[in-house]
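Okay, structure first, notes after.
Letters A, B, ... are given to chains in the order of the sequence lines, protein chains preceding strands, and every chain is numbered from 1. Small disclaimer: the values here were computed from a predicted structure and weren't measured.
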Amino acid sequence: MSSSTRKFRFDTLLIHGGTEAGPAGATTVPIVQSSSFSHATAEELEDIFRGRRMGQVYTRINNPTTESLERRLTLLEGGIATIATASGMAAITTAVLTIARSGDEILSSSSVFGGTFSLFRDTLANYGIAARFVDPTDLAAVRGGVTDKTRLIFVETIGNPKMDVPDIGEIAAIARQAGVPLLVDATVTTPCLARGKELGADIVLHSTSKFINGTGSAIGGAIIDLGSFNWDSAKFPHFQPFVTKYRNFAFSARARKLIHKDFGACAAPMNSFLLTEGVETLALRMERHCDNALQLARFLAVHPKVQWVNYPGLPDSPYHGVASRQFGGRFGGILTFGLADKPASFRVINALTLAKNLANIGDAKTLVIHPASTICADYGPEEKGLMGVTEEMVRVSVGIEAIDDIIEDFAEALEQA
Amino acid sequence: MNLTVNGKPATIDNQETLDITTLLTVLKVETPEYVTVELNGEILDRENFDATSVKNGDSIEFLYFMGGGN
Ligand SMILES: Cc1ncc(COP(=O)(O)O)c(C=O)c1O
């Protein structure tokens with residue numbers, strides 16, 4: 001029987017959700033490495049182009065391997081439709097440009113990933129879309145940031161790398177009152193820790209390059225439409241034709257038929273395959289990432305050379321309460337800590353032998369980086385302050401290796417601090 | 001009953017009327033969770049699929065946002 005017809009639990013959906021039997025009984029999704037798809041008659045292709053029937057056309061538009069990943073992500077997030085994209089940045093760009101037009105404003109958390117900050121502040125500004133940044137943990141500031149030009153609110157479930165945790169339910173209430181959708185980047189928590197729908201998001205975004213892939217082998221992104229926002233609104237006249245035709249699929253339809261198709265940041269079939277493979281082990285990996293991160297945070301918190309540790313799993317974190325409530329008692333695989341100064345943090349990074357010094361998160365391997373001199377190097381002190389990036393800060397994406405090996409690696413390297 | 005489905009004649013034997021949800025099954029419409037249904041030129045609300053019926057002479061169009069061009 002088709003596994004998509006039964007109501008499975010989350011951990012089973014990770015492995016079987018949305019799958020169909022492959023050719024010759026294959027149990028992994030086939031990599032359909034074809035740019036285009038032929039059809040028997042001109043009438044058939046006309047019907048597909050007119051949207052009268054489903055069918056593959058061209059891999060920039062759709063592809064069977066990518067659709068399999070999209071179906072699974074839709075089920076995992078409890079959404080109505082998903083668009084897989086070439087990268088997390090492509091997902092954010094496509095989603096935002098589907099909603100906002102020249103003259104509009106977007107209201108964003110100030111503690112977002114550096115690439116997102118740069119897209120909102122610099123790139124979109126050149127196209128007439130202005131971003132306002134507010135501290136997402138200051139609800140009065142969020143409320144105060146809404147203007148009659150605001151067309152969406154954007155937050156991350158856990159700010160990367162500030163590690164702040166906004167109360168998403170409260171921000172969702174502000175968005176509802178303002179009549180605009182809430183977009184939540186859930187890259188760092190994944191659907192294992194929190195489903196955007198239960199938190200109150202309207203659209204969930206992922207950089208699937210991170211935990212969903214899980215082994216650092218592919219770049220990808222996803223836009224999951226939760227179908228909760230009513231686009232039939234005077235604020236969104238450009239959605240009207242899509243509301244009329246596609247009702248609660250209006251967002252996905254406008255994204256697919258215009259922005260995603262025209263900008264062309266489509267997923268590659270090979271990457272969709274690798275990302276689907278990653279999804280299957282996500283629950284197990286996230287459990288281990290979270291356990292290991294908590295243990296490393298506890299070790300660092302009492303280490304004499306470590307000035308501070310920022311991990312929402314530590315009881316003295318200002319975000320411990322809200323994170324416990326939102327993420328089911330788990331706190332993710334990323335933490336930051338501070339040493340005496342920048343040279344000390346460089347010495348420790350250089351002395352680590354297991355942990356790799358590189359610009360990524362969510363790999364099975366433990367990764368470290370000095371954010372101020374790398375991913376946030378282009379920003380001045382004011383922006384670094386907003387993003388919570390300081391000179392003595394080291395970010396760790398805690399892997400799923402044996403925790404004793406991870407702790408020994410840090411213990412030895414900290415002798416150089 | 002005789003219907004026009006996506007501009008082509010279609011006959012459903014032994015049925016004088018059918019609700020939309022059943023019709024989607026009978027006609028083996030692909031990925032019914034994504035289809036928009038237009039009955040005699042009017043787009044139906046998904047919530048009304050069970051309550052809306054087709055009868056002899058009706059014209060019905062299925063519409064997907066997933067594939068194709070515009
Ligand atoms: C929270 C978050 N969102 C988005 C992105 C961008 O994703 P990608 O690198 O897949 O474009 C990243 C990547 O570093 C991220 O950490």
Per-residue contact mode, [X] against chain B (heavy atom under 4.5 angstrom):
X      : value
A:I80  : backbone
A:T244 : backbone
A:R52  : both

Kindly check if the number of other-residue, nucleotide or ligand heavy atoms within 6.0 Å of OH (A:Y58) is above 12?
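At most 12 heavy atoms, drawn from other residues, nucleotides or ligands, come within 6.0 Å of this atom.
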Step through the shown structure and confirm whether more than 12 heavy atoms of other residues, nucleotides or ligands are within 6.0 Å of CZ on A:F263.
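Atom CZ in A:F263 is not crowded, with 12 or fewer foreign heavy atoms closer than 6.0 Å.
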Non-hydrogen atoms of chain A under 4.5 Å away: do they reach the side chain of B:E33, the backbone, both or neither?
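Interface part for B:E33: backbone (N, CA, C, O).
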Under 3.5 Å: donor-acceptor pair, side chain of B:T36, backbone of A:K245:
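Side chain of B:T36 to backbone of A:K245, a donor-acceptor pair under 3.5 Å: yes, one is there.
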If I compare all heavy atoms of B:L63 with all of A:R50, which pair ends up nearest, and what's the gap?
CD1-O, 3.7 Å
Mind checking whether A:I48 and B:Y64 have side chains closer than 4.5 Å, heavy atoms only?
no
Pairwise distance CZ(A:F251) to CZ(B:F65) - rounded to 0.5 angstrom:
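These two atoms lie 10.5 Å from each other.
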Rounded to the nearest 0.5 Å, what separation is found between the CG atom of B:N6 and the CD atom of A:E46?
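With rounding to 0.5 Å, CG (B:N6) is 10.5 Å from CD (A:E46).
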Begin from the C-alpha positions of A:M54 and B:F62 and carry the test side chain to side chain contact (heavy atoms under 4.5 Å, CB included) through to its verdict.
CA-CA 10 Å; A:M54 291 285 286; B:F62 300 116; over 6 Å; no
Salt-bridge criterion met for A:R53 and B:E30 (N-O under 4.0 Å):
no
Verdict with supporting geometry, B:K8 and A:D47, side chain to side chain contact (heavy atoms under 4.5 Å, CB included)
CA-CA 12 Å; B:K8 296 182 200 81; A:D47 275 356; 3.3 Å; yes
